[in-house]
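Here's the structure, in C-alpha cells; my notes come after.
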Amino acid sequence: MRAAFGKIKDNLKEGVRENSEHSLKRNVTLGKNAKFIWIAVMAVLLSVPAYAGDYVLNVMILMLFYMVLGQMWNLLGGYAGLVSLGQQSFIGIGGYALAIVSEKYGLPVLLAFAAAAGVSVLFALVISIPVFKMQGVYFTIGTWIVAECLALWFSTWAWAHYAQGYNITVTYRLSATHIYYVALAVGAGSLAVVYFILRSKLGLALMAMRDNASAAEVRGVEIYRTKLKCFLISACVTGIAGAAIYLQQAFIQPSNAFGISWTVSMVFIVVIGGLGTVEGPIIGAVIFVLIRQFLYNFPGFSMVILGVIAITIILLAPRGIMGLVQKWVSIDIFSVRRR
Amino acid sequence: MLETLPQAVVTGVLLGGLYAVIGIGMSLIFGIMKLTNIAHGDIMILGTFLTMRIAQSLTGNPVIALLLTIVIMLVFAFAIQNFLINKVIAKGAEPALLVTFGLSIIISNALFLVFGANTRTIPSQLVTTNLIRTAHVSVSMMYAVNFIVAVAVIAVLSLVMNKTSLGRAIRAASSDTVMSELLGINTKHMYVYAMMLTVVTAAIAGMLVGMTFPFYPTTGTQYLIIAFGVVVIGGMGSLPGTLVGGIILGLAQLVGANFIGPTYQQLTGFLVLLVILAIRPQGLLSKAVRK
Amino acid sequence: MNNIIEVNGLSVLHGDLRALHDVSMNIESGKIVSIIGANGAGKSTLLNTIMGIHRPAGGTVRFEGGDITGWRTSKIASKGIAMTPEGSRVFADMSVMENLWMGAYLPDAKKARAAQLEKVYGMFPVLKEKSSQLASFLSGGQRQMLSIARAIMMNPKVIICDEISLGLAPVIIQDIYVKVRELNAAGITFLLVEQEIKRSLRHSDYSYVMVKGRIVMEGKSSELSHEAVSDAYFGINQFA
C-alpha cells in the first residue's frame with residue numbers, strides 16, 4: 001500500500017503541474033487567508049438569526065441538515081466505494097433515540113444526541129457483519145433491506161409505540177434560532193469530520209483504494225478496516241443528524257423515519273453536487289433545498305425535476321456541478337491534499 | 001399453528017409464483033447487462049396504473065387493457081434503454097445503477113402527480129372466487145391464476161431466450177460483447193430488446209399485482225425488494241431459478257407469519273433474504289459468480 | 001491493383017502508450033496477406049482497430065474504397081469483414097450448431113444459412129458430428145475450427161484471423177491452412193496474423209513485418225527471405 005501512496009503523491013504532483021500549465025484555469029486557492037475566510041464565513045453563519053426571519057432560518061436549517069446527510073453518503077459512495085441505499089436506518093435510529101430518551105424517559109436532549117450517536121455506531125457495527133459480506137450491488141440493496149426491516153420492526157414494537165410513533169414535545173420549547181444553531185453545529189461538525197478524515201491516514205487509504213484498486217487489493221484486511229471505519233463514522237454522524245432533524249420535525253413515525261426518501265435526497269444531492277468532492281454535497285444540498293422550496297406545493301413535481309437533473313448530470317457531467325466548475329476554475333477551498 | 005400450516009404452505013407457494021413473475025424481468029436484465037435495475041418495481045407499478053386506467057376508461061377488461069399497456073411500455077422501454085441506460089452502461093456499474101435509481105424516483109413521483117396518493121385496485125372477480133375450498137385449505141382463483149401465469153411467462157421467456165434467433169443473439173451479446181459485435185450483432189440493440197422483453201413481463205406482473213393487492217404510486221419500491229430477493233435466491237440471471245426463488249421467498253413470508261404472527265410476514269421474508277445474502281451472496285442456486 | 005482494405009497512417013494510443021505508429025497497409029482483393037510479428041508488436045491492436053474495437057488516434061481505414069474509420073464493429077462486420085479473434089471465443093453455453101447460426105445472424109447470411117451450414121459441415125466434418133454438443137465440450141483445435149466455420153457462415157468478403165494456430169498441434173494447423181487455401185480459392189480474401197515466420201511466408205501471398213507498433217518490412221511472401229524477416233523480427237526486438 002505504501003507503493004500506492006507513493007504513486008498517488010506523484011499523481012498529485014503531476015496534477016499540480018498540469019494545473020499550472022493550464023492557462024485557461026484560474027487558480028482559486030485560499031492559502032494563508034484560509035483561516036480568516038473561514039472565520040468570516042462562520043461569523044456570517046452565526047449571525048444569520050440576528051437579521052433573518054423564521055422562513056430563511058428554516059430554509060438554512062434544511063440546507064444544513066441535507067448537507068450533512070449528503071456529506072455522509074458521499075463519504076461512503078464517493079470515497080469508500082460503498083454505495084448504500086440504507087442510510088435512512090441511522091436517521092431513524094437517531095430520531096427514535098431522541099424520541100425515546102427525551103419523550104419516553106424525559107431525559108436531557110444532550111443525552112439523546114449521545115444515545116443517537118452511540119446506538120447508530122453500535123447498530124452499524126452489528127449489521128456490518130452481514131452487509132460487509134455483500135459486494136457491490138448486493139451491499140447496496142442489502143443495506144436497504146436492513147432499513148426496511150427496521151421500519152417493519154419499529155411499527156410492531158410496543159416499546160417504540162408501534163406505528164403511531166411519538167410527538168417530540170421538547171421541540172415546543174425551542175425556537176427556530178435554537179434549532180438553527182443545532183443544525184449549524186452538526187453541519188460544521190460533519191464538515192470537520194470529513195475534512196480530517198480526508199487529511200488523515202484513513203483518507204490516504206481511501207484515495208489509494210479508489211485510484212489504485214489493484215495495489216490496494218493486496219491488503220484485503222486493510223481495505224475492510226478502512227471501509228468499516230467510514231461506515232461507522234458515517235452512521236454516527238447520520239444518527240446525530242437524525243436526532244437533530246427530528247428535533248425540528250417534532251414528530252416521528254417508523255414509515256418516514258426509516259423511509260427510502262432520505263437516501264433518495266442524499267443520492268440526488270451528491271450526484272448533482274459532485275460525487276467524491278467535499279464541496280459537492282454543499283452545492284447539491286443548496287440546490288436540492290431551493291428546488292424543493294420553490295415547488296413546495298408540488299412535492300411530486302420537485303422530485304421529478306430533481307430526478308431529471310440527476311440523470312442529466314450522470315449522463316453529461318458525471319462529476320457533478322463541482323466537476324463542471326473545476327473545469328474552468330481550479331478551486332481548492334478544502335485543501336484536503338497534504339502538501 | 002400446525003393446523004394452519006398447510007394453508008400457509010399452499011398460499012406461500014402460489015404467492016411465490018407471483019413473486020417470480022415480478023422478479024423475472026430483473027433477473028433477465030441482470031443476466032444480460034449486469035445491471036441491477038432499481039426502477040424495476042416502479043416500471044411494474046407503472047404498468048399496473050396504465051392497465052387500471054385503460055381498463056377504466058376504454059376497455060373495461062384488464063386483459064385487453066394489458067395489451068395496450070404493453071404497447072406503451074415497449075415504447076417506454078425503448079426510450080429509457082436507448083437514450084439513458086445504453087449511454088452509461090459501459091462506464092461501470094455505478095452510473096447505470098444511479099440512472100435507474102433516478103428513473104425509479106421519477107416514475108413513482110410522476111404516478112403520484114397523475115393519479116394522486118390514493119390506494120387503488122384493479123377489480124377482478126378472481127379474487128373472490130375460490131378454486132378449492134376444504135376444511136384446511138382454500139385456494140383463491142386469483143392466486144392460482146398468478147401461479148399458472150408465472151409458470152407460463154417463465155416458460156415462454158425461456159423459449160424466446162433459448163430457441164429464437166433474437167434470444168440467442170441477446171445471450172451472445174451478454175456472454176461476449178466483442179465477439180457478438182464481430183458477428184454483426186449490435187449489442188446495444190440487444191440491450192434494447194432485452195429491456196423490451198423485460199417490460200412485457202413487468203406489465204403482466206403489474207396487472208396480476210394490481211388484481212391481487214391494493215397499490216399506490218410508491219408501492220414499486222416494495223416490489224423492487226421482492227424482485228431483488230427472488231433474483232438473489234434464484235441466482236442472478238437464471239430464469240427457472242427465478243421460480244424457485246419466488247417460492248422460497250413466498251414460503252419464508254407465509255410460514256414465518258404462520259408461526260410468529262401475520263404482522264411479521266414481510267419481516268421474516270426480508271430476514272431470510274438478508275441471511276441468504278450474507279451466507280451465499282451469489283445466490284442459492286447459481287453455480288458460481290459469473291464474471 | 002484492387003485493394004479491398006486500405007489502412008493509411010493509422011496510430012493508436014493505449015492510454016499514454018503508443019501502440020501503433022503510422023501504420024499503412026493494403027490488402028489486395030483475393031489474396032492471403034499475413035502480418036508477422038512477435039508478442040506485443042501491435043498485430044492484434046492493428047486488427048482490432050480495423051474492426052472498430054479500438055479507436056484510432058489518427059489515420060484511416062477504408063473498405064472497398066469507403067471510409068470505415070471509427071465505425072461500430074457490428075456495422076463493419078455487416079459490410080463483409082469477418083474476424084476470428086485470438087482464442088477462438090466460441091459461445092460456450094451454446095451448441096456447435098447454435099454457434100454456427102450465430103455466424104449467420106445478419107439477414108443476408110441468414111437467408112443462405114442452410115446452404116452455408118452444409119458447406120461448413122463438408123469442410124469440417126467433426127463439427128457436423130458434434131453439432132448438438134455444447135461448444136464448451138470441444139477441444140482447442142475443434143474450437144478454432146468452429147471459430148473459422150462461424151466466420152464462414154457470415155459469407156464474408158474478407159476473413160481476418162488473429163493467431164489461429166496458437167497452441168494447436170502441427171497436424172491441425174496444417175489442416176486449418178489447407179482450408180484457408182480452399183476458401184481463398186473460392187474468392188475470400190484473408191488477413192492472417194502469425195508469430196511463426198516460416199508458416200506465414202509459406203501460406204501467404206504478401207507479408208508485412210511488424211515490430212513495436214510499426215511496419216518495418218513488407219513484400220511478396222515468395223520474395224521475402226526467411227533470414228531477412230527474422231533479422232527484422234528478432235534483431236530489432238532483441239537489441240533495441
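By convention in this document, chain letters (A, B, ...) are assigned in the order of the sequence lines, proteins followed by strands, and residues within each chain are numbered from 1.
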- For side-chain contact (heavy atoms from CB on, under 4.5 Å), just list the numbers for A/Val308 and B/Ile106, CA-CA rounded to whole Å, side-chain angles, deciding distance to a tenth of an Å, and then say yes or no. CA-CA 7 Å; A/Val308 171; B/Ile106 293 175; 3.8 Å; yes
- Query: Are A/Phe301 and B/Leu113 close enough, and set up right, to give a side-chain contact (heavy atoms from CB on, under 4.5 Å), and what steps lead you there?
  - Reply: CA-CA 7 Å; A/Phe301 196 54; B/Leu113 283 175; 3.8 Å; yes
- Is there a side-chain contact (heavy atoms from CB on, under 4.5 Å) between B/Tyr264 and A/Leu152 once you walk through the steps? CA-CA 8 Å; B/Tyr264 294 96; A/Leu152 291 168; over 6 Å; no
- Message: Could you walk me through whether B/Thr221 and A/Trp144 satisfy the side-chain contact (heavy atoms from CB on, under 4.5 Å) test, starting with their C-alpha distance in whole Å, then the side-chain angles of each, then the deciding distance to 0.1 Å, before giving a yes or no?
- Response: CA-CA 10 Å; B/Thr221 48; A/Trp144 187 1; 3.9 Å; yes
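Heavy-atom distances place no part of A/Ile129 under 4.5 Å from chain B, backbone and side chain included. In this structure, no portion of B/Ile107 lies under 4.5 Å from any heavy atom of chain A. With a threshold of 4.5 angstrom between heavy atoms, A/Phe268 approaches chain B through side-chain atoms but not through N, CA, C or O. With a 4.5 angstrom heavy-atom cutoff, B/Leu273 touches chain A only via side-chain atoms. Interface remark: A/Val271 contributes side-chain atoms only to the contact with chain B (heavy atom separation under 4.5 Å). Residue contact with chain A, scored on non-hydrogen atoms closer than 4.5 Å, involves the side chain of B/Glu94 exclusively. Heavy atoms closer than 4.5 Å to chain B are found nowhere in A/Ser155, neither backbone nor side chain. Within the 4.5 angstrom heavy-atom criterion, only side-chain atoms of A/Val83, from C-beta onward, approach chain B. Of the atoms belonging to A/Leu275, it is side-chain heavy atoms, and not backbone ones, that fall under 4.5 Å from chain B.
Atom CG of A/Leu316 sits about 10.5 Å away from atom NZ of B/Lys87, to the nearest 0.5 Å. To the nearest 0.5 angstrom, A/Thr140 atom OG1 is 8.0 Å from B/Phe228 atom CZ. From A/Tyr162, atom OH reaches atom OG1 of B/Thr263 across 9.5 Å, with rounding to the nearest 0.5 Å. The OG atom of A/Ser302 sits 7.5 Å away from atom CG of B/Asn109, with the distance rounded to the nearest 0.5 Å.
Ranked by heavy-atom pairs under 4.5 Å with chain B, the list A/Gly136, A/Ala310, A/Cys149, A/Ala151 is led by A/Cys149. Among the candidates B/Thr218, B/Ile225, B/Val88, the residue making the largest number of heavy-atom pairs closer than 4.5 Å to chain A is B/Ile225. Ranked by non-hydrogen atom pairs under 4.5 Å with chain B, the options A/Val137, A/Ile141, A/Val304 are led by A/Ile141.
Residues B/Leu274 and A/Met134 form a side-chain contact, since some pair of their non-hydrogen atoms from C-beta on lies under 4.5 Å apart. The shortest distance between side-chain heavy atoms of B/Leu277 and A/Ile145 falls below 4.5 Å. Between B/Phe270 and A/Val146, the closest side-chain pair of non-hydrogen atoms is not below 4.5 Å. Two residues are said to be in side-chain contact when any heavy atoms from C-beta on lie closer than 4.5 Å; A/Leu85 and B/Ile38 meet this criterion.
None of B/Leu84, B/Leu97, B/Leu98 except one satisfies the side chain to side chain contact (heavy atoms under 4.5 Å, CB included) rule with A/Ile314; the exception is B/Leu98.
In terms of heavy atoms, A/Pro299 sits closest to B/Phe112 at CG-CE2, 4.4 Å. The heavy-atom pair separating A/Lys133 from B/Ala278 by the smallest distance is CD-O, 3.3 Å. For B/Ile105 against A/Met303, the heavy-atom pair with the smallest separation is CG2-CE, 4.0 Å.
Residue-environment remark: CZ (B/Phe259) exceeds the threshold of 12 foreign heavy atoms within 6.0 Å. Other residues, nucleotides and ligands contribute more than 12 heavy atoms inside 6.0 Å of the CZ atom of B/Phe115.
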